[in-house]
Amino acid sequence: MTLRKTNKNIQAAALKQILKRCSSFGKKNDVPKGHFVVYVGENRSRYIISIAWLGDTEFQSLLQRAEEEFGFHHDMGLTIPCDEDEFFSLISNPY
């Protein structure tokens, strides 16, 4: 039980760091409060999504894939390792 709680605390801390980094990328101030930027697909298309998606199980799986593939410590932004169709399929369902 303690291990599971510790993992959740680590995940929560990592998500806070991601949000902090994502909210300060670039010079664009078009990211509303409660949202963050992700880059998706081969062309790294930029999308602004609600932080509510952080609680979604499927989105959390994408975040884990992103961490494994790219890590979270780079200046490019949060890159989601999936194609745009897969991403649209996920976010097209209202949260």
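Everything quoted here is computed from the prediction, not taken from an experiment.
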dist Ile80:CD1 -> Arg44:CZ (nearest 0.5 Å) comes out at 10.5 Å

Which word best sums up how the rings of Phe87 and Tyr47 line up, parallel for under 30°, tilted for 30 to 60°, or perpendicular for over 60°? tilted

dist Leu90:CG -> Thr57:OG1 (nearest 0.5 Å) comes out at 10.5 Å

Query raised in the report: Is any side-chain heavy atom of Ile49 closer than 4.5 Å to a side-chain heavy atom of Phe59?
Result: yes

With sequence neighbours left out, the residues meeting side chain to side chain contact (heavy atoms under 4.5 Å, CB included) with Ser50 are His35, Ala52, Trp53

In short, Cys82 meets Val40 closest at the heavy-atom pair O-CG1, 3.7 Å

With a 3.5 Å distance limit and no angle check, can you tell me whether Asp56 reaches the backbone of Glu58 through a side-chain donor-acceptor pair? yes

| said: Would you say CD of Glu42 has more than 12 non-hydrogen atoms from neighbouring residues, nucleotides or ligands within 6.0 angstrom? | reply: no

